[in-house]
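Input: a single structure, listed below in structure tokens.
This chain uses plain numbering: 1 for the first residue, then up along the sequence. Excluded from the calculations below are hydrogen atoms, water molecules and symmetry mates; all remaining heavy atoms, backbone and side chain alike, are included.
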Amino acid sequence: MGCGTSSKVVPELPGSSFHPSWGKGVGTGSCGPLQTGQGVAGHRGHRGTREAAVEAAQKMQVARYRAKFDPRVTARYDIQALIGRGSFSKVVRVEQRVTKKPFAIKMVETSVKEGREACESELSVLQRVSHCNIVQLIEIFEAQDRVYIVMELATGGELFDRIISQGTFTERDAIIILKMVVDGLRYLHSLQITHRDLKPENLLYYHPGAESKILITDFGLAHSGNKNGNWSMNTICGTPEYIAPEILSRKPYTNAVDMWALGVITYILLSGSLPFEDENHIRLYRKILKGKYNYKGEPWPNVSNLAKDFIDRLLTLDSNHRMTAGQALNHPWVMTMAITSSMKNLQRSISWNLMLRASPNSQCSRSARASESCHSNGSQHTWGKNKTGTFG
Ligand SMILES: Nc1ncnc2c1ncn2[C@@H]1O[C@H](COP(=O)(O)OP(=O)(O)OP(=O)(O)O)[C@@H](O)[C@H]1O
């Protein structure tokens, strides 16, 4: 199941692009308008005409999508907008006709082996879980070459879009986010489920409000442990920048790989940069295997030692010594909500580093492009989109 039998999955899609600007677009989870109208858009001086053209283009695209949907689905749900595209999927915002409630529908192409496997993985997890920080499955429709997965709709956008748009971001804010993610992970791990593709793009805010919870999404590479308590996995998969060293060294591994990825996410969350980065994947993997990262440059002098200790205990090469989700929740940095730590505003440095990544000529931006694929959404800070089924 999942990436179990794939050779290298997720081919580079034509038209993939890395956008140097920060505007929100399709696929940020923000349920923004369809993007096709952009080409039709005229000059700023003709707002009325431009908006009408955009609206017309959106309506046309929605109509095209509606036509592609199974009539059983459209009988119950009104297809309203395209949210984003995955390698084998499209996600649309819908309204349930009877209740008028909004939902997301992920339409997965199952005619392709990799799509079928990702779909099986995703469903095998979503059908088992119920947790406030994990996207909730509503119902499933199966057609011959497609599966429609109706889910909770996340309208609050991706993690980093929000950090950029808010004025302040402190260690305390990071802890509030991390607690929700770790809580979801602890629950998954208690069910012997390993996400295997934890990264910022798969963490969505439920709603745009400041108090919104975070939802863990995208279980296309997840592994559900078997009933015999066999937790160990062998398949080499994940997104390069987040892959744990034990996966790279082809050892049997456990859900500790999610905790490694959490360490990478925490590092990004507090700095806007990646702990392990290289445009060449072989060199990147060497860096991960050595476990060498540093706290040089801004904003690290302003980050507390407790926060760095939290990261160090996650980016621990020996998975047996790496913190578990339960231990992460009990780490003094998290327990004290960074009360003894600096309350310094890290937002400017984080945004600066994120923007450096987005700059088309920067090395980190080239690195992001190198590891990016099937990038159909408008989110700029793509932290290695290129999923790997197996590589060898
Ligand atoms: N429940 C949801 N609510 C709102 N947006 C969602 C939801 N599920 C997915 N999305 C968004 O839809 C887009 C496509 O998601 P999807 O999981 O199909 O592919 P992906 O993870 O981006 O790519 P890949 O298939 O390569 O993993 C993403 O931008 C994602 O943030």
Side-chain angles (χ1 to χ4, degrees), residues 1-3 6 9-11 13-16 25-36 57-99 101-127 129 134-155 157-158 197 201-202 204 215-222 373-379 385 387 389:
M1 192 156 295
C3 45
S6 316
V9 291
V10 195
L13 289 187
S16 296
V26 171
T28 58
S30 58
C31 309
L34 293 162
Q35 296 290 291
T36 45
Q58 287 172 3
K59 278 189 180 153
M60 266 170 59
Q61 181 152 9
V62 173
R64 271 214 309 276
Y65 275 104
R66 266 194 206 116
K68 283 185 187 168
F69 271 64
D70 190 288
R72 288 171 300 160
V73 180
T74 47
R76 282 170 67 92
Y77 295 94
D78 181 28
I79 316 297
Q80 298 197 318
L82 174 70
I83 295 175
R85 293 188 181 91
S87 318
F88 310 101
S89 53
K90 288 185 184 69
V91 179
V92 291
R93 187 186 71 207
V94 300
E95 186 180 88
Q96 197 173 42
R97 291 187 187 281
V98 176
T99 63
K101 281 188 184 160
F103 291 102
I105 295 186
K106 185 165 177 170
M107 179 178 80
V108 190
E109 300 288 344
T110 50
S111 51
V112 190
K113 189 178 89 178
E114 288 87 353
R116 201 163 50 243
E117 288 174 349
C119 183
E120 279 171 12
S121 272
E122 183 130 35
L123 288 181
S124 72
V125 172
L126 292 182
Q127 284 174 318
V129 298
I134 296 168
V135 71
Q136 185 70 48
L137 174 71
I138 307 297
E139 60 179 327
I140 306 162
F141 294 88
E142 284 186 55
Q144 200 182 359
D145 282 335
R146 279 174 189 171
V147 171
Y148 301 84
I149 307 173
V150 186
M151 298 177 277
E152 255 181 326
L153 173 71
T155 59
E158 284 180 21
D197 198 25
E201 294 91 327
N202 291 335
L204 301 180
L215 294 179
I216 302 176
T217 66
D218 195 357
F219 289 86
L221 287 185
S373 80
C374 30
H375 182 52
S376 56
N377 62 41
S379 201
K385 282 284 271 187
K387 279 185 202 176

Just verifying a value: how many Å separate [X] [atom1] and [Y] [atom2], rounded to the nearest 0.5 Å?
| X | Y | atom1 | atom2 | value |
| --- | --- | --- | --- | --- |
| Leu221 | Asp197 | CG | CG | 5.0 Å |
| Glu152 | Leu126 | CD | CG | 10.5 Å |
| Leu204 | Ile216 | CG | CD1 | 10.5 Å |

| message | Below 30° counts as parallel, above 60° as perpendicular, anything between as tilted: where do the rings of Phe141 and Tyr148 land? | response | perpendicular

For [X] and [Y], which heavy atoms make the closest approach, and how far apart are they?
| X | Y | value |
| --- | --- | --- |
| Val108 | Gly115 | CG1-O, 3.7 Å |
| Phe88 | Glu114 | CZ-CB, 3.4 Å |
| Ala104 | Val94 | N-CG2, 4.5 Å |
| Lys90 | Arg85 | CE-NE, 4.0 Å |
| Arg93 | Leu153 | CG-CD2, 3.7 Å |
| Ser121 | Ser124 | O-OG, 2.9 Å |

| field | side-chain contact (heavy atoms from CB on, under 4.5 Å) between Val147 and Glu122, worked out | value | CA-CA 11 Å; Val147 171; Glu122 183 130 35; over 6 Å; no

| task | Please check if the side chain of Thr110 supplies one atom and the backbone of Asp145 the other of a donor-acceptor pair under 3.5 Å. | result | yes

| Is it true that a side-chain atom of Arg146 and a backbone atom of Lys68 form a donor plus acceptor pair closer than 3.5 Å? |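 Present.
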
| query | Salt bridge check: are Lys101 and Glu95 linked by an N-O gap of less than 4.0 Å? | reply |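 The answer is no: the pair does not qualify as a salt bridge.
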
| said: Tell me which one of Asn202, Asp218, Thr217 satisfies side-chain contact (heavy atoms from CB on, under 4.5 Å) with Val135. | reply: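 Going through Asn202, Asp218, Thr217 one by one, the side-chain contact (heavy atoms from CB on, under 4.5 Å) with Val135 is satisfied by Thr217 alone.
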
| Pick one: which of Val129, Ile134, Leu123 meets side-chain contact (heavy atoms from CB on, under 4.5 Å) with Phe219? | Ile134

| task | Output, in order, the C-alpha distance, side-chain angles, deciding distance and verdict of side-chain contact (heavy atoms from CB on, under 4.5 Å) for Ile105 and Met151. | result | CA-CA 6 Å; Ile105 295 186; Met151 298 177 277; over 6 Å; no

| query | More than 12 heavy atoms of other residues, nucleotides or ligands under 6.0 Å from CD of Glu142: is that the case? | reply |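 Counting neighbours around CD of Glu142, 12 or fewer heavy atoms of other residues, nucleotides or ligands fall under 6.0 Å, so no.
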
| said: So Gln127 and Ile140, do their side chains get closer than 4.5 Å, heavy atoms only? | reply: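 Yes, side chains in contact.
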
| task | Would you check, one step at a time, whether the test side-chain contact (heavy atoms from CB on, under 4.5 Å) holds for Glu139 with Tyr77? | result | CA-CA 12 Å; Glu139 60 179 327; Tyr77 295 94; 2.5 Å; yes

